[in-house]
Amino acid sequence: MPSLYDRDTASLSRLQKLRFFPLAVTGGQGSYVRDEEGRRLLDLSASWGAVSLGQAHPAVAEAVAKALGDQAAASTLSNATLPAVTLAERLLELTPRGERVWLGHSGSDANETVARAVVAATGRPRIISFAGAYHGGTAGSMAISAHSVQEHAEKAAGLQVIPYPDPYRPLEGDASGGAILAALERAFETDCPPQEVAALFLEPIQSDGGLIVPPPGFMARLAALCRKHGILIVSDEVKVGLGRSGRFHCISHEGVEPDIIVMGKGLGGGLPLSAAIGPAEILDFATAFSMQTLHGNPVSASAGLAVLDTIAAEGLIDQAAEVGAHLQAALRALAQRQPLIGDVRGRGLAIGVELVSDRATKAPAAREAAKLVYRAFELGLVLYYVGMNSNVLEMTPPLTLSRTEADEAVTILDQAFTDVAAGAVPDEALAGFEGW
Ligand code: PMP
C-alpha cells in the first residue's frame, strides 16, 4: 500500500507544491497536526498563517456548520447575503478609513483586484512595489510582485521596484533605508514621473522575502513621499495582519494609515477568504470589474466572522504580542548556543530566524536552512523557510499558541540545530524537497 505522501506525488500536480519534507496531514487540533502514522507535530507555520485560530477551532467549525445548515446561496454577485454584509460591516468598523469591502478567496485575487482597480480608477498606469515582495500567484498579482520564485512571471508595464530596507543587510550601509528613499525621489524626477503612479504596494513586514521588519520610521517617510504625489498606499497584510503582529493591522506599528488594506490567509481561519478594504472611489468605481462566482461565499464569510469574533473574545491580539515576545526572547537565547543563527526578528507571532554560515560575513546558509526544517520535521515540528536567499526560518503559528507550546518548539529547534551541525541530515534526504 503506497503512503499518502506517495499517492499525493502520483496524483497532485507539482505546479502547486512547495515542499520541504514529506509531511502528509490527516487531521489536527489546535497548534498540532497529525500525520499518517498518527504522530502529532507542533505546527509553527499554521499552513503559512492561514490556520489563524489553530486546527479545528470550535468557533469556526460551528459557524461553518450553521452556514451550511441553512445556506444563503453560494455567491454575492447577484444577491446580498447576511454573512457577507455582516463581515464587510465588521471589517469597516475595524478599519476607520475604509468605506467599502471587496471579498475574495485568496491574497492573490485580492491584490490582483486592487492592482487593477487602482490603475483603472485613477487613470495612472504604474505601480511601485518592493524587491522580494510576494503579492500572489495569479497573473495580475505576480505582475506587481518581485520575489525570486516568480522570475518566470510577466511584470506589469512600468512596474517600479524598490529595495526593501533590511536592517540586517542595509543597503549602502544605511540601516534607516534613507538611500532607498533618496533613490525613489531621484526616480520621481527622472524615469518614473509620480503622476503616472497609481499606488505603492507594501508589506508592513516583508514575509516571503525574508520576514524583514522595516527600520523605524521608514514606512512613514515613504508614505509621506508617496502621499505628496497623490499615490495611494496599499498595505498587503495577507500574512502579517489580523492581530498576528500584536496589533490588528500590522501597518499601525508604522504610524501609517494606508488607503487600502488587503487581508487573506488567516481571515478565513482555514477557509478560502480574502478582503480588500478601501475608499469607495476605488472599490465602487465600476460594476462587474472583478468578480468570481464564489466571491463573498456565505460559508467562508461566516468563518471570517467567527475568526474576528474569536480574536476579540479570546484576547488573541494581546496573546500574540505576549507569546510572540516570549518566543523571540527564547530564540535569541538559542542564538547564544547555535552559531548558525545570524538574526532573530519579528513582531508578535510573525517571526523570522535568519541562518548564516558565518556571522561576520553573513553568508546565507540556505542548505542548512533546508536541512534544519527537514530535521525539525523528523523531530515533530513543522516550519518552513522563506527569503530571497532561502535562509530565513519563518514562524507564523496559530494566534492561540501557548507559552508552553512556544517553549516546546524552541526545545525541538535546539535539538534540530545540534543534529544538523552534527551532519544528521544527508544531502540525499533533500532530494525532491527543493523548497524555494
Ligand atoms: N500577500 C502576501 C504578503 C503573502 O504572503 C501571500 C502568500 N504567501 C499572498 C499575498 C498570496 O496569498 P495566497 O497564496 O493566499 O493567494
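Indexing begins at 1, ligand by ligand and atom by atom, following the structure's order.
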What's the shortest distance from atom 16 (O) of ligand 1 to any protein heavy atom, and which residue and atom give it? S108 OG, 2.5 Å
If you measure every N or O of K239 against every N or O of ligand 1, does any of those distances drop under 3.5 Å? no
closest protein heavy atom to atom 8 (N) of ligand 1 is D208 OD2, 2.8 Å
How far is atom 7 (C) of ligand 1 from the closest protein heavy atom, and which atom is that? K265 NZ, 3.1 Å
Nearest protein heavy-atom contact for atom 9 (C) of ligand 1: which residue, which atom, what distance? V238 CG1, 3.8 Å
Among protein heavy atoms, which sits nearest to atom 15 (O) of ligand 1, and what does the distance come to when rounded to 0.1 Å? G107 N, 3.5 Å
Closer than 4.0 Å to some heavy atom of N111 - which atoms of ligand 1 meet that? 1 (N), 10 (C)
At less than 4.0 angstrom from any non-hydrogen atom of D236, what atoms of ligand 1 do you find? 1 (N), 2 (C), 3 (C), 10 (C)
Of all residues at least two apart in sequence or in a different chain, which pass the salt bridge (charged side-chain N to carboxylate O under 4.0 Å, His left out) check with R124? none
With heavy atoms only and a cut-off of under 4.0 Å, state how V240 meets ligand 1: side chain, backbone, both or neither. neither
Between V373 and the options L430, V382, L381, L383, the side-chain contact (heavy atoms from CB on, under 4.5 Å) test singles out L383
Does either side chain, that of D208 or that of H147, offer a donor lying less than 3.5 Å from an acceptor on the other one? no
Within ligand 1, which atoms have a heavy atom of H135 less than 4.0 Å away? 1 (N), 10 (C)
Within the 3.5 Å criterion, strictly below it, is a donor on D43 or S45 matched to an acceptor on the partner's side chain? no
Taking only residues two or more places apart in sequence or in another chain, which ones pass ring-ring contact (aromatic ring centres under 6.0 Å, His included) with F289? F285
Whether G136 lies under 4.0 Å from ligand 1, heavy atom: yes
Could you tell me whether R375 and E378 have a side-chain N and a carboxylate O separated by less than 4.0 Å? yes
Any luck finding a side-chain donor-acceptor pair between H249 and T95 under 3.5 Å? yes
Look at the aromatic rings of F21 and F377 and report parallel, tilted or perpendicular, splitting at 30° and 60°. parallel
Would you call Y134 a ligand 1 contact, heavy-atom distance under 4.0 Å? yes
